[in-house]
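Here the structure is a predicted model, which means the values were calculated and not measured.
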Amino acid sequence: MTHALLVIDVQNDFCPGGALAVAGGDEIVAGINAAMADFDAVILTQDWHPAGHSSFASSHNADPMSMVEMPYGPQVLWPDHCIQGTQGAAFHADLQIERADLIIRKGYNPAIDSYSAFFENDKTTPTGLEGYLRTRGIDTLTLVGLATDFCVNYSAVDAAKLGFKVSVNLNLCRAIDFDGSLTAATSGMQDAGVSLG
Ligand code: VGL
Ligand code: ZN
């Protein structure tokens with residue numbers, strides 16, 4: 001077994017004071033740093049949107065947290081966040097990014113959002129992470145980070161569907177919890193065979 005820690009989107013915009021702040025988002029950083037030594041590999045994801053991204057409410061003259069129908073399905077419209085090169089897109093200053101073997105960016109395609117670390121929201125365009133994991137012989141993943149009900153959830157479910165053995169350490173995650181999203185995510189992960197701890 002080769003076991004990687006997959007750290008999802010621990011970025012300033014998802015922490016208190018950020019553009020899409022997740023309550024308690026900064027509380028998990030010390031625990032994630034401490035966990036890194038227990039794994040064969042550490043991989044970070046970074047939400048990385050161009051200005052004017054199609055997932056931004058401001059691009060549709062709509063209210064943040066409203067819904068829109070995209071060619072690939074329904075999409076939540078978010079406040080502008082994690083814009084490439086900004087402080088909001090940077091990792092939390094205390095996160096030990098020097099320990100990462102790989103940093104994978106997602107959400108850079110202006111027309112498609114990407115919650116999952118494996119596929120964009122069209123569910124078909126790969127990010128390349130699967131190939132990286134397989135060529136390194138990584139077969140087991142533990143996910144931590146932000147947000148439990150969006151990027152952690154989508155990444156965990158895709159990883160399980162791809163045949164990886166997947167667990168989510170919920171103590172080292174925090175949720176947006178919008179409109180029932182956390183309850184839906186929890187049952188979706190369980191149905192996909194993700195172990196929740
Ligand atoms: C995320 C909403 C929009 C996340 C990213 O990291 O969970 N959520 N972009
Ligand atoms: Zn995003």
Worked check of ring pair (Phe, Tyr, Trp, His ring centres under 6.0 Å) between Phe56 and His49: CA-CA 10 Å; Phe56 295 169; His49 299 303; 5.5 Å; yes

Check the pair Asp80 / Ser58 against side chain to side chain donor-acceptor pair (under 3.5 Å), numbers first and verdict last. CA-CA 7 Å; Asp80 291 18; Ser58 62; 2.6 Å; yes

Under the criterion side-chain contact (heavy atoms from CB on, under 4.5 Å), I'd like the reasoning laid out for His60 against Leu77: C-alpha separation, chi angles, the key distance, then a yes or no. CA-CA 8 Å; His60 301 261; Leu77 293 176; 3.5 Å; yes

Run the salt bridge (Lys or Arg N to Asp or Glu O under 4.0 Å) test on Asp26 and Arg174 for me, step by step, so that the C-alpha distance in whole Å, both residues' side-chain angles and the decisive distance to 0.1 Å come before the verdict. CA-CA 9 Å; Asp26 55 339; Arg174 292 292 183 275; over 6 Å; no

Tyr115 and Gln75: side chain to side chain donor-acceptor pair (under 3.5 Å), yes or no, with the steps? CA-CA 11 Å; Tyr115 295 149; Gln75 167 74 46; 3.3 Å; yes

His3 vs Leu141, test: side-chain contact (heavy atoms from CB on, under 4.5 Å). Steps then yes/no. CA-CA 6 Å; His3 194 172; Leu141 298 172; 5.6 Å; no

Audit row: Val152, Leu146, side-chain contact (heavy atoms from CB on, under 4.5 Å) steps and yes/no: CA-CA 6 Å; Val152 174; Leu146 305 170; 5.8 Å; no

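In the hydrophobic cluster analysis, where Ile, Leu, Val, Met, Phe, Trp and Tyr join through side-chain heavy atoms closer than 4.5 angstrom, Ile103 is grouped together with Val42. A single hydrophobic cluster is not seen to contain both Tyr132 and Val7; linkage of ILVMFWY side chains at heavy-atom distances under 4.5 Å, directly or through other members, places them apart. Residues Val168 and Leu133 share a single hydrophobic cluster, defined by chaining ILVMFWY side chains whose heavy atoms lie under 4.5 Å apart. Leu143 and Phe118 fall within a single hydrophobic cluster, where Ile, Leu, Val, Met, Phe, Trp and Tyr side chains are chained together by heavy-atom contacts under 4.5 Å. Under a hydrophobic clustering in which Ile, Leu, Val, Met, Phe, Trp and Tyr are joined whenever their side-chain heavy atoms come within less than 4.5 Å, directly or via other members, Trp78 and Ile112 fall into different clusters.
Taking the ring centre of Phe164 as origin, the terminal cationic atom of Arg134 falls inside the region bounded by 6.0 Å and 45° from the ring axis.
Between the OG atom in Ser181 and the CD1 atom in Ile176 there is a gap of 7.0 Å [rounded to 0.5 Å]. Between atom CG of residue Leu44 and atom CD1 of residue Ile104 there is a gap of 11.0 Å, rounded to the nearest 0.5 Å. Residue Asp38 holds its CG atom at 11.5 Å from CE of Met36, rounded to the nearest 0.5 Å.
Here Phe14 and His92 keep their ring centres 6.0 angstrom or further from each other.
Judged by distance alone, with hydrogens and angles left aside, the side-chain atoms of His53 form no donor-acceptor pair with the main-chain N or O of Ala51 at under 3.5 Å. Between the Asp40 side chain and the Thr2 main chain, no donor and acceptor come within less than 3.5 Å of each other. Side-chain N or O atoms of Asp9 include none that pairs as donor or acceptor with a backbone N or O of Gln11 at under 3.5 Å. Of the possible polar contacts, none joining the Thr127 side chain to the Phe119 backbone as a donor-acceptor pair under 3.5 Å is found. Using a distance-only test at 3.5 Å, with no hydrogens or angles considered, a donor-acceptor pair links the side chain of Ser59 to the main chain of Gly52. Put simply, the side chain of Asp113 never gets that close to the backbone of Asn121: no donor and acceptor are under 3.5 Å apart. At least one donor-acceptor pair closer than 3.5 Å links the side chain of Asp149 to the backbone N or O of Asp177.
Counting heavy atoms from C-beta on, the side chains of Ile43 and Leu129 come closer than 4.5 Å. Taking the side chain as every heavy atom from C-beta outward, Val76 and Met67 approach each other to under 4.5 Å. A 4.5 Å side-chain heavy-atom check between Met1 and Asp139 finds at least one atom pair inside the cut-off.
Scanning all heavy atoms of the two residues, the minimum distance from Ser114 to Cys151 falls at O-SG, 4.5 Å. Smallest separation of non-hydrogen atoms from Ala117 and Ile8: CB-CD1, 4.5 Å. Residues Val10 and Val29 come closest through the heavy atom pair CG1-CG2, 3.9 Å. Between Ala37 and Arg99, the shortest heavy-atom contact is CA-NH2, 3.7 Å. Taking all atoms of both residues into account, the shortest heavy-atom contact from Pro110 to Pro50 is CA-CG, 4.1 Å.
Salt bridge annotation for Lys123-Asp158: absent, with no cationic side-chain nitrogen under 4.0 angstrom from a carboxylate oxygen. Under a 4.0 Å N-O distance rule, the pair Lys106/Asp47 qualifies as a salt bridge.
Of the N and O atoms on the side chains of Ser167 and Thr142, at least one donor lies less than 3.5 Å from an acceptor on the other residue. Asp63 and Ser66 form no side-chain donor-acceptor contact under 3.5 Å, judged by distance and modelled atom types alone.
No more than 12 heavy atoms of other residues, nucleotides or ligands shown are found within 6.0 angstrom of CD on Gln87.
With Thr148 as the partner, the side-chain contact (heavy atoms from CB on, under 4.5 Å) test is satisfied by one option alone out of Leu172, Thr186, Leu170, Val22: Leu170.
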